[in-house]
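A short worksheet on the structure shown next.
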Amino acid sequence: MDKIISIFGAMFEFATDTVPEQTSYIIGVGALLFASFTSLFSVVNPLAAMPLFLSLTDRFSDAERNQTAKKATLYMFGVLITFLLIGTFILSFFGISLSGIRIAGGLIIMRAAYSMLNPETSGRKLTDEDEAAAMEKEDISFSPLALPLLSGPGSIAVVIGFATQADGMMDYLINAVSIVLVVLVSYGLLRLAPISARYIGPTGLNVMTRLMGFIALAISVQFILSGISRYFGIG
């Protein structure tokens, strides 16, 4: 009887020791996934891309527009996952430190965030010349939709920032999952662009773009502070 009680006591101690650890681990994974998804989505900002997407695909049929959205988001996934995996190695090859990468990435994101906070004046990702050239192209899925509209310098900087802060394979996997989620959401928004743009309207898009811009600005400041603290060995 005493042996049975000791066995149950050991099982109880094991459960009380492991459940909190597992729970905290799951919470940590969820927090990292949420943070990386929010960071990347706010900089990609597919909501702001909807009006331009509709303008560039105005001459397309519904099937062609859907195919273009699919190809653009696949190219977007390829660009972002590539920079997640090898972006830091490419920059390290040129002798750029991780702290320098974070500071430079923060400045790029800050510039993009400032544009998003002023969508009427400086929030455009394409110039008039770029839009005119895109109108003449048969396939606009890679350029200008995937690059630079969806996976431009700002989103690439965010992904490289993810890589510099990753502590192991699990962090890379979580960041890759966040990229997949952003790609899927972007594809869904582009597919629904004709309906969404009609109901949200220019005013609603501007408000949401400003909100994304504020989040992106906070991310850029965090990147810069992280780079400075890493360079000086603070914290």
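Position 1 is the first residue of the sequence; numbering continues from there.
- For the atom pair CE of Met170 and CG of Leu32, the computed distance is 10.0 Å after rounding to the nearest 0.5 Å.
- At least one side-chain heavy atom of Leu189 sits under 4.5 Å from a side-chain heavy atom of Leu47.
- Screening Ile174, Val79, Leu84 for a side-chain contact (heavy atoms from CB on, under 4.5 Å) with Ile179, the sole residue that qualifies is Leu84.
- Rounding to the nearest 0.5 Å gives a distance of 9.5 Å between OG1 of Thr57 and CG of Asp62.
- When hydrophobic clusters are built by joining Ile, Leu, Val, Met, Phe, Trp and Tyr residues whose side-chain heavy atoms come closer than 4.5 Å, directly or via intermediates, Val185 is grouped together with Phe77.
- The 12-atom threshold is not exceeded at CZ of Phe214, counting heavy atoms of other residues, nucleotides or ligands nearer than 6.0 Å.
- Contact record, Tyr75 with Ala146: CB-CB, 3.5 Å, taken as the closest heavy-atom pair.
- With values rounded to the nearest 0.5 angstrom, Phe162 atom CZ is found 5.5 Å from Leu40 atom CG.
- Using modelled atom types, no side-chain atom of Thr38 and backbone atom of Ala35 make a donor-acceptor pair closer than 3.5 Å.
- Ser178 contributes a side-chain N or O that, together with a main-chain N or O of Asn175, makes up a donor-acceptor pair within less than 3.5 Å.
- Between the side chain of Ser226 and the backbone N or O of Gln222 there is no donor-acceptor pair closer than 3.5 Å.
- In terms of modelled atom types and a separation under 3.5 Å, the side chain of Ser155 and the main chain of Val43 share no donor-acceptor contact.
- When all heavy atoms are compared, the tightest approach of Phe41 to Met212 is CE2-CE, 3.2 Å.
- One distance of note links CZ of Arg111 with CE of Met116; it measures 13.0 Å at 0.5 Å rounding.
- A donor-acceptor pair under 3.5 Å links the side-chain atoms of Ser186 to the main chain of Val182, judged by distance alone.
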Point to revise | Residues Leu190, Leu150; criterion side-chain contact (heavy atoms from CB on, under 4.5 Å); working and verdict | key: CA-CA 11 Å; Leu190 292 182; Leu150 295 175; 4.2 Å; yes
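- Contact between Asp139 and Lys71 at its shortest, heavy atoms only, is OD2-NZ, 2.9 Å.
- Rounding to the nearest 0.5 angstrom, the gap separating the CG atom in Leu80 from the CD1 atom in Ile160 is 10.0 Å.
- Between Leu181 atom CG and Phe37 atom CZ the span is 6.0 Å, to the nearest 0.5 Å.
- Here the shortest heavy-atom pairing between Phe53 and Ala193 reads CD2-CB, 4.1 Å.
- Side chain of Arg102 to main chain of Thr164: a donor-acceptor pair is present (N/O by atom type, distance under 3.5 Å, no hydrogens or angles).
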